[in-house]
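Just so we're clear, the structure is a prediction, and the values are computed from it rather than from any experiment. Values below: every heavy atom of this structure, side chains too, minus hydrogens, waters and symmetry copies.
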Amino acid sequence: MCLVSFAAEAQYSTSNKKAAAEFEKGQMLLSSDPDRAFDHFAKALKYESNFPEVHLTMADWYIHHDSLDRAEQCLNTFLRLDNGKHKRWAAGAEYDLQCIAFRREAMANPVPFTPENMGAGVNSPDDEYLPTLTADGKTLIFTRYNRPYMAEDFYQSRLAGSQWGKAVRMAQPLNSDENEGAGCISQDGRILYFTACNRPDGLGRCDLYISYRKNGGWSTPQNLGPGVNSKAWESQPCLSIDGQTLYFVSNRDGGYGGMDIYQTRLVEGRWTAPENLGPTINTQGDEKSPFVSFDDEKLYFASDGHIGMGGLDLFVCTRNDDGGWSTPENLGYPINTLGDESSLIVSPDGTTAIFSSDKFGGQGGLDLYSFALPEAVRPQPVEYKEEITEVVPTLEVGQVVTLNNVFFQTGKYALLEVSIVELDKVVEMMKANPTMRIELGGHTDNVGNAAANQKLSEQRAKSVYDYLVKQGIASDRLSFKGYGDTQPVADNGTPEGRQQNRRTVFTILGK
């Protein structure tokens, strides 16, 4: 709901000085003592009953004290008295009237909602929020705010049977002495995108970072760089199931309101310039905590700009045929309340939601809760395959496998770090099949000199070979060869075709 501030107004709509004085006294008390503030507003109306600013402010007071009928009366009185003089205030009043109508309807038709605290293994007397879940549903990573040290850190809990185990603080270098939080993890648990603030390599107050899981630990986090981050605030990332689209929240210039939701796509190992999700999703208010379901078809987020119960409400959209999103749908009451609801994610099977709240007692402060998501707003279930890291299911001699996520800088042969996740899967395959032999092949498009392309393709294949040897794969099980532009798999006359032709493959030579 809109809390109107009149502090910047040079004049009020009344010339009655006593009414104005009482109104100002109430304004000063609103945040510290709202009941006394209300008494001063009432006195102001005794001195001047046709004082529109007072009616608008009292409407907000009534809304926050659950007196919807009185709030509606005050809003309608304000609109009549103001008569369109203040467009911004009138727009806020109209919005509040729509929220009141929605709230009445939602409370008359509640949705099923039985939140369960996720237990002492996950929650503590500190605040827990912004969870992320691996695709097998067995690893939960979340942010905990340590009050004594005033710091945010990542904690991890594993599902054991039907209970979540004791959460442990994740080790350095992922956590540091500064604030880390608001993370999202790739489906295979190998890449973590997260928010870190006030770091030496930061571009703004808070930036997005990436870390890779290797050898039982996590790599030193890297800033995603100026292509994604800005001088503003970036946070709350969410990764699509295929790892190719990253959604996040930013208050950068050019948005529709305060915090907006943006997306960036991974193209040939680089993140594209962020795109605002547009006015269907973003409003003049704040949009936060995006989460895309594991079937990639539903977007859940929090907003205080769409019509709702009040404060931040939780909403869901469905992906359209053109790749955009449908009009947001409020998740309903009592999932949403007059207060703030945020930080919602949904399990891979689509049945269970996890969110943070301080409304149900619990261990203290914000706790993580789970509840059965109403069927009408569930995504389609996604079945997690335990052998998700297996690159080749058949292992036939002569089989050629394209490594879709191996990337290099344009015209160079040094591996980009984002390639490590894909190559580590090849390492696992080779270790699981200790007699297998493969040839690594590099391919280019036909742009430029054929001899230069041949050399570049061989250098790139050699880079992959070197990485696998470094990871402990015996060199006599590997060979490499560059094919240049001699074996295209698509039309080099289009950008899409050239992209497909620039590829790294391996061929199984022996089992």
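With Gln163 contributing its side chain and Leu159 its backbone, the two residues share no donor-acceptor pair below 3.5 Å. Not a single donor-acceptor pair under 3.5 Å links the side chain of Thr280 to the backbone N or O of Thr327. Between the Asp82 side chain and the Phe78 main chain, no donor and acceptor come within less than 3.5 Å of each other. Distance alone, capped at 3.5 Å, is enough to place a donor-acceptor pair between the Thr134 side chain and the Thr139 backbone. Side-chain atoms of Trp164 never come within 3.5 Å of backbone atoms of Arg158 as a donor-acceptor pair (strictly under, hydrogens ignored). The closest donor-acceptor contact from the side chain of Ser67 to the backbone of Arg70 lies at 3.5 Å or more, if one exists at all. A distance-only check finds no donor-acceptor pair linking the side chain of Asp358 to the backbone of Gly365 [under 3.5 Å]. Between the side chain of Thr272 and the backbone N or O of Arg265 there is at least one donor-acceptor pair closer than 3.5 Å. Formation of a donor-acceptor pair under 3.5 Å by the Asp304 side chain with backbone atoms of Asp286 is found in this model. A distance-only check finds a donor-acceptor pair linking the side chain of Asp340 to the backbone of Leu312 [under 3.5 Å].
Remark: Lys231 NZ is loosely packed, at most 12 non-hydrogen atoms of other residues, nucleotides or ligands lying under 6.0 Å away. For CD of Gln380, the number of neighbouring non-hydrogen atoms (other residues, nucleotides, ligands) closer than 6.0 Å is 12 at most. Within a 6.0 Å radius of CD in Gln244, other residues, nucleotides and ligands contribute more than 12 heavy atoms. More than 12 heavy atoms of other shown residues, nucleotides or ligands fall within 6.0 angstrom of atom CG in Asn320. Shown here is Gln284, whose CD atom has no more than 12 heavy atoms of other residues, nucleotides or ligands within 6.0 Å. For Asp321, the CG atom is loosely surrounded, since the number of other residues' heavy atoms within 6.0 Å does not exceed 12.
For the pair Ser230 and Leu203, the minimum side-chain heavy-atom distance is 4.5 Å or more.
At a cut-off of 3.5 Å, with distance as the only test, a side-chain donor of Ser124 or Glu128 sits close to an acceptor on the other residue. With 3.5 Å as the limit, one finds no donor-acceptor pair spanning the side chains of Lys288 and Ser342. Defined by atom type and a distance below 3.5 Å, a donor-acceptor pair is missing between the side-chain atoms of Asn76 and Glu72. Side-chain contact, Glu116 with Ser370: no donor N or O sits under 3.5 Å from an acceptor N or O. Residues Asp153 and Asn146 have side chains that never bring a donor and an acceptor to within less than 3.5 angstrom of each other. With 3.5 Å as the limit, one finds no donor-acceptor pair spanning the side chains of Gln263 and Thr245.
For Asp66, the salt bridge (charged side-chain N to carboxylate O under 4.0 Å, His left out) criterion is met by Arg103, not counting sequence neighbours. When the side chain to side chain contact (heavy atoms under 4.5 Å, CB included) test is applied to Glu329, the partners found at least two apart in sequence or on another chain are Val316, Val377. With sequence neighbours left out, Asn330 forms a side chain to side chain contact (heavy atoms under 4.5 Å, CB included) with Phe102, Asp313, Phe315, Asn336. Remark: Arg199 pairs with Glu180 by the salt bridge (charged side-chain N to carboxylate O under 4.0 Å, His left out) rule, at least two apart or across chains. For the salt bridge (charged side-chain N to carboxylate O under 4.0 Å, His left out) test, residues two or more places apart in sequence or in another chain that qualify with Arg319 are Asp296.
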Start with the C-alpha gap between Asp260 and Asn251, add the side-chain angles, then the distance that decides, and say whether side-chain contact (heavy atoms from CB on, under 4.5 Å) holds.
CA-CA 6 Å; Asp260 279 8; Asn251 63 351; over 6 Å; no
Evaluate the disulfide bond (SG atoms under 2.5 Å apart) criterion for residues Cys197 and Cys206: first the C-alpha distance (whole Å), next the side-chain angles of each, then the deciding distance (0.1 Å), finally the verdict.
CA-CA 4 Å; Cys197 302; Cys206 293; 1.9 Å; yes
Evaluate Ser289 against Gln236 for side chain to side chain donor-acceptor pair (under 3.5 Å), listing each step before the verdict.
CA-CA 6 Å; Ser289 60; Gln236 300 176 5; 4.8 Å; no
Checking side-chain contact (heavy atoms from CB on, under 4.5 Å) for the pair Leu344/Leu331: CA distance, chi angles, key distance, verdict?
CA-CA 11 Å; Leu344 181 137; Leu331 291 192; 4.2 Å; yes
Evaluate the criterion side chain to side chain donor-acceptor pair (under 3.5 Å) for residue pair Tyr209 and Asp201; output intermediate values, then yes/no.
CA-CA 10 Å; Tyr209 286 76; Asp201 61 346; 2.6 Å; yes
Let's go through Asn198 and Asn179 carefully: what are the C-alpha distance in whole Å and the side-chain angles of both, what is the deciding distance for side chain to side chain donor-acceptor pair (under 3.5 Å) to 0.1 Å, and is it a yes or a no?
CA-CA 8 Å; Asn198 306 315; Asn179 289 324; over 6 Å; no
For Glu152 and Tyr129, what are the C-alpha separation, side-chain angles and deciding distance, and is it a side chain to side chain donor-acceptor pair (under 3.5 Å)?
CA-CA 10 Å; Glu152 292 178 307; Tyr129 46 94; 2.4 Å; yes
Trace of the side-chain contact (heavy atoms from CB on, under 4.5 Å) decision for Trp61 with Cys74:
CA-CA 10 Å; Trp61 191 97; Cys74 287; over 6 Å; no
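Thr132 and Gly183 get closest at one heavy-atom pair: CB-O, 3.4 Å. Closest approach of Gly278 to Asn276, counting heavy atoms only: N-OD1, 2.7 Å. Asp445 approaches Asn501 most closely through the heavy-atom pair CA-CB, 4.2 Å. Listed here is the closest heavy atom pair of Leu277 and Tyr247: CD1-CD2, 4.3 Å. Between Leu192 and Phe154, the closest heavy-atom pair is CD2-CE1, 4.2 Å. Taking every heavy atom of both residues into account, Pro237 and Leu246 meet most closely at CB-CD1, 4.0 Å.
Note that Arg144 lies in the cation-pi zone of Tyr155, set by a 6.0 Å cut-off to the ring centre and a 45° limit from the axis.
Sorted by first then second residue, the ring-ring contact (aromatic ring centres under 6.0 Å, His included) pairs that include residues 254-296, not counting sequence neighbours, are Tyr193-Trp271, Phe248-Tyr262.
Distance check, rounded to the nearest 0.5 Å: OG of Ser211 to CG of Asn175 gives 10.0 Å. Between atom CG of residue Leu415 and atom CG of residue Leu423 there is a gap of 6.0 Å, rounded to the nearest 0.5 Å. The NE2 atom of His64 sits 6.0 Å away from atom CG of Leu338, with the distance rounded to the nearest 0.5 Å. Atom CZ in Arg460 sits 8.0 Å away from atom CZ in Arg502 (nearest 0.5 Å).
Ion pairing of Arg503 with Glu422 is absent here, as no side-chain N (NZ or NE/NH1/NH2) approaches a carboxylate O to less than 4.0 Å. A salt bridge does not link Glu234 with Arg205: none of the charged nitrogens is closer than 4.0 Å to a carboxylate oxygen.
Partner of Leu368 under the side chain to side chain contact (heavy atoms under 4.5 Å, CB included) criterion, out of Leu140, Asn117, Ile345: Leu140 alone.
Note: Tyr369 and Phe360 have perpendicular aromatic rings, judged against thresholds of 30 and 60 degrees for the angle between ring planes.
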